[in-house]
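Here the structure is a predicted model, which is why all the values come from computation and not from measurement.
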Amino acid sequence: MDGFFTWSMLATYAGATMATGLLTQLLKGIFANMATQLLSYVLALILLLAAAFFTNALTLESGALCVINAAVVSLASNGAYDAIKRARKRK
């Protein structure tokens, strides 16, 4: 593995979900006036579109699917964060 992330990895469900979660937590303080769920969706969409572009897979059809897939990635990222938060409260 050459680095932490590759564009091919970010194009996968797991890679996009992990990167979305990390970026959301890093940037939510900067974008405090924006709802965290909306920030998460915007970041997921940007990541998926960028990954498709840099892997030469971006077409009109794949771009349209990125809009839908970003919602799935965002929801998964938000759910993972909520699960971690609940687990920490139980300890």
ILVMFWY network linking [X] to [Y], side-chain heavy atoms under 4.5 angstrom:
| X | Y | value |
| --- | --- | --- |
| Phe31 | Leu23 | yes |
| Met34 | Leu27 | yes |
| Tyr81 | Leu39 | no |

Sidechain-backbone polar pair: Tyr41 side chain, Val67 backbone, donor-acceptor under 3.5 Å
yes
How many angstroms lie between atom CD1 of Ile84 and atom CZ of Arg88, to the nearest 0.5 angstrom?
9.0 Å
Can you measure from OG1 (Thr12) to CG (Leu10) and round to the nearest 0.5 angstrom?
7.5 Å
With sequence neighbours left out, write down each residue that passes side chain to side chain contact (heavy atoms under 4.5 Å, CB included) with [X], or none if nothing qualifies.
| X | result |
| --- | --- |
| Ser77 | Thr17, Thr20, Ser40 |
| Val72 | Tyr13 |
| Ala35 | Gln37, Leu38 |

Using the test side chain to side chain donor-acceptor pair (under 3.5 Å), find all partners of Ser62 that sit at least two apart in sequence or belong to another chain.
Thr59
Only counting residues at least two apart or in another chain, list the ones meeting side chain to side chain donor-acceptor pair (under 3.5 Å) with Gln25.
Lys28
In a table with atom names and distances, give each donor-acceptor pair under 3.5 Å that connects a side chain of residues 42-56 to protein atoms at least two apart or in another chain.
residue: Thr55; atom: OG1; partner: Ala51; partner atom: O; Å: 2.7
residue: Thr55; atom: OG1; partner: Ala52; partner atom: O; Å: 3.3

